[in-house]
> 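Please find one structure pasted underneath; my questions will follow.
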Amino acid sequence: MKRLIIFLLAAIPVALFAQNSAGPIQLKDLSAPRSPGFQLIDLSPTNIEAPTTPKALVLGILQTFDGSTGWPQSYSMETAPYWWVKSGDRNAYKYLGLKTTKLPSGALKVTGQDIFSGLKFSSLSVSFTSKDMLPDTASSQQKVFSAGVRTNIIRWYRTKHFDRLSKAVNDWSSQPPSTKMVLAMTGKTGDELKQAITKYWEENPDQLAATIADLMTEKPLISWDIAGAYATYGVGDSTWKTGRAGIWTTVASYIPLNPSDKKPTTNYLDVLVNARYMYDGYALSPKNGLVKSNNLDVGGKIAFEFNQFSIGYEFVYRHYFLDEIDKQYRNVGVISYKIRDGLYINGAFGKNFGDKNSIVSLFGINWGLGTAKASIGE
Amino acid sequence: MDTYSVGAGTALIKFACDVNTFGLARSRALVTDEARTTIYWTDVSTDASGDITKIPMTDATTLTGKLLLVLTEISLAIFTDPNERKTEAERLTALYYLEGGPSGLMKFFPDQIVPNDDYTKVIVTKQIPLIS
């Protein structure tokens, strides 16, 4: 375990540096954590998470209101190995989730949505936090290391969205570089080439690529995700024990609220259903104190998203297989507001699992998401 | 600078371009003279992969002494995260294949891969003199 901790402590700073090789890591390079490890220990702003666009590397940092140190207590790192594997068959269609067939000419033709395209972007994560995970009378915090995996099984978009996206991609690809551009650019090197191509791009803005980027922010009509995580607690100075392990699944539907000709859609009614099986090494039994237990969570979330603002409610019922432990609930309201491009505030407030004094009060800030809409849980 | 020997006679020289990126890509290849005044052959990618499928250009005699120029324009605007665009700009590759000359099949790498300042666009260029 010591080796694992040393590795993680070494790996996270290295990853922070690798994320921005142009200089030291900055706050804008971090995002509020949403790794499976944080979800497993009920630390994420939401336990029922919305799917996101696959990313190469996501670094997380979280400040909780109940912490008094002034520094964030929680860190996470999540990456999709497929991004880093050397592969000779990458193309935009695979990223965009468009299924293709090869014509006799060798050209690719879009034939439909690849609803399983998210599978290859399955992610691995590690996270670290300090939190009181033992529901006893003591209020001491434990160090918590966790590892998780997350994958999107199905992602299905509206036919209208698919038609718009495939047409835009087809239109973009049917405008190859002009002969004049090739003659002007090839043979130039270094700054001379950079100046020439920058001038060309300024004079010929790529509106179609911007349209495709906008369409990529649209959410799927149906999405199905599976995630799992394992968390170990530092109990005492040198003892590490299995804390929790779990697997969970979420089915989500994003119902567009914009007029049908609005593209891309920015307003949604989100309906998510979630189930989770979890082993808890430190559940609280009224009769026997801390006991090992297995439990099943079933819940859902409903939320409205209106451009910069989203608000929702999350409810989860937790059933323990030990009769001596009563069922528990989590009732949390979650809000998200986009301050400006790339800067978001997420908050979650309400009643968490555990005793009646267990209150959720999380406040996270997301930076650097570009024009992507930050929704609850992202 | 890389060169390719096309030989002589009526042997057809074939060309292919293989772009490897998650970004949107489109390419054009052409053969011109040293003065870049006449176009002897040109072909383009026909999908967003930027690939040009292996295709005969023309015969060796016509190509001798000419320049093969290839340019690929890549849009990374579909990645909303700037760090992701930078990573993809550094990771993307292109390979060029020529076949039919005395040296058989040869593989070439790009001369220049140049992104713009915010990494939303990348240009990839290659120039190959075709010798006898």
Side-chain angles (χ1 to χ4, degrees), chain A residues 19-22 29 53 55-58 83-84 86-96 100 103 105-110 169-170 172-179 181-183 185-190 193-194 197-198 200-201 206 208-210 212-213 216-217 342 368-372, chain B residues 16 18-30 32 36-37 39 42-55 67 69-88 90-93 95 111-112 114-117 120-121 123 125-127:
Chain A
Q19 170 84 344
N20 187 356
S21 56
D29 299 314
T53 306
K55 291 183 186 304
L57 182 67
V58 176
W83 282 97
W84 308 103
K86 284 194 172 180
S87 164
D89 64 348
R90 283 190 173 139
N91 61 48
Y93 300 102
K94 293 185 175 177
Y95 180 77
L96 297 170
T100 58
L103 299 173
S105 67
L108 298 175
K109 182 187 176 191
V110 176
V169 172
N170 190 50
W172 188 91
S173 62
S174 65
Q175 299 173 22
S178 66
T179 300
M181 181 183 178
V182 179
L183 291 171
M185 301 298 167
T186 47
K188 286 188 169 66
T189 57
L193 175 59
K194 184 145 190 170
I197 193 62
T198 300
Y200 174 83
W201 281 328
D206 193 349
L208 266 174
I212 295 166
M216 282 294 288
T217 64
L369 290 177
T371 56
Chain B
D18 179 13
V19 182
N20 193 19
T21 176
F22 281 136
L24 299 161
R26 51 193 181 191
S27 306
R28 178 182 289 275
L30 60 85
T32 185
R36 304 190 179 205
T37 53
I39 306 300
T42 188
D43 196 21
V44 296
S45 58
T46 53
D47 58 51
S49 71
D51 294 349
I52 297 175
T53 310
K54 188 163 79 174
I55 187 169
L67 275 175
L69 308 179
V70 192
L71 184 143
T72 300
E73 191 180 10
I74 296 170
S75 172
L76 302 180
I78 56 176
F79 305 103
T80 53
D81 178 24
N83 284 313
E84 205 141 87
R85 290 198 297 268
K86 183 171 184 287
T87 302
E88 184 62 19
E90 290 166 352
R91 188 172 40 201
L92 64 88
T93 61
L95 293 172
D111 291 334
Q112 302 275 318
V114 180
N116 65 349
D117 290 339
T120 53
K121 294 173 183 176
I123 191 171
T125 64
K126 183 66 184 174
Q127 178 175 271

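Numbers restart at 1 for each chain; the letters A, B, ... are given by sequence-line order, proteins then strands. Please read all numbers here as calculations on a predicted model, not as lab measurements.
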> With rounding to the nearest 0.5 Å, note down the distance linking CG in A:Asp206 to OG1 in B:Thr120.
8.5 Å

> Counting only heavy atoms closer than 4.5 Å, note whether B:Leu30 contacts chain A via side chain, backbone, both or neither.
side chain

> Give, as side chain, backbone, both or neither, the part of A:Leu96 having an atom under 4.5 angstrom from any heavy atom of chain B.
side chain

> Counting only heavy atoms closer than 4.5 Å, note whether A:Lys109 contacts chain B via side chain, backbone, both or neither.
neither

> If you round to the nearest 0.5 Å, how far is CG of A:Leu103 from OG1 of B:Thr46?
7.5 Å

> When rounded to the nearest 0.5 angstrom, what distance separates CG in A:Asp89 from OG in B:Ser49?
11.0 Å

> Go through the atoms of A:Asn170 and report whether side chain, backbone, both or neither lie under 4.5 Å from a heavy atom of chain B.
neither

> Does any heavy atom of chain A fall under 4.5 Å from the side chain of B:Ser27, the backbone, both, or neither of them?
backbone

> Going through the checks in order, is the side-chain contact (heavy atoms from CB on, under 4.5 Å) test met by B:Asp117 and A:Lys194?
CA-CA 10 Å; B:Asp117 290 339; A:Lys194 184 145 190 170; 3.7 Å; yes

> Starting at CD1 of A:Ile197, measure out to OG1 of B:Thr125 and round the result to the nearest 0.5 Å.
9.5 Å

> State, with a plain yes or no, whether a side-chain heavy atom of B:Val70 is found less than 4.5 Å away from one of A:Thr186.
no

> Taking the side chain as everything from C-beta on, heavy atoms only, tell me whether B:Ile123 gets closer than 4.5 Å to A:Trp201.
yes

> Measure distances from B:Thr21 to the heavy atoms of chain A and classify the residue's part below 4.5 Å as side chain, backbone, both or neither.
backbone

> What's the spacing between A:Tyr200 OH and B:Asn116 CG if we round to 0.5 Å?
13.5 Å

> Between A:Ser178 and chain B, with a heavy-atom cut-off of 4.5 Å, which part of the residue counts as in contact: side chain, backbone, both or neither?
backbone

> Which heavy-atom pair separates A:Ala213 from B:Ala77 by the least distance, and what is that distance?
CB-O, 3.3 Å

> Is there side-chain contact between B:Lys121 and A:Thr198, with at least one heavy-atom pair below 4.5 Å?
no

> Which heavy-atom pair separates A:Lys94 from B:Phe22 by the least distance, and what is that distance?
CB-CE2, 4.2 Å

> Which heavy atom of A:Lys188 sits nearest a heavy atom of B:Gln112, and at what distance?
O-CG, 3.9 Å

> Are any of the side-chain heavy atoms of B:Gln127 and A:Thr189 separated by less than 4.5 Å?
no

> Could you tell me the separation between the CG atom of A:Leu183 and the OG1 atom of B:Thr32, rounded to the nearest 0.5 Å?
5.5 Å

> Please classify the contact of B:Ile39 with chain A as side chain, backbone, both or neither, using a heavy-atom distance under 4.5 Å.
side chain

> As an exercise: rank A:Ala209, A:Pro177, A:Gly190 by heavy-atom pairs under 4.5 Å with chain B and give me the winner.
A:Pro177

> At a 4.5 Å cut-off on heavy atoms, which part of B:Asp51 comes close to chain A: side chain, backbone, both, or neither?
neither

> If you compare all heavy atoms of A:Gly106 against all heavy atoms of B:Asp47, which two are closest, and at what distance to 0.1 Å?
O-OD2, 4.5 Å

> A:Leu193 versus chain B, heavy atoms under 4.5 Å apart: side chain, backbone, both or neither?
side chain

> Could you pull out all residues at least two apart from B:Thr42 that satisfy side-chain hydrogen bond (donor to acceptor under 3.5 Å, both in side chains)?
B:Arg28

> Side chains of B:Asn20 and A:Arg90, heavy atoms from C-beta outward: is any pair under 4.5 Å?
yes

> If we ignore hydrogens and angles and just use 3.5 Å, is the side chain of A:Tyr93 paired with the main-chain N or O of B:Ala48 as donor and acceptor?
yes

> Sort B:Lys54 into side chain, backbone, both or neither according to what part of it lies under 4.5 angstrom from a heavy atom of chain A.
neither

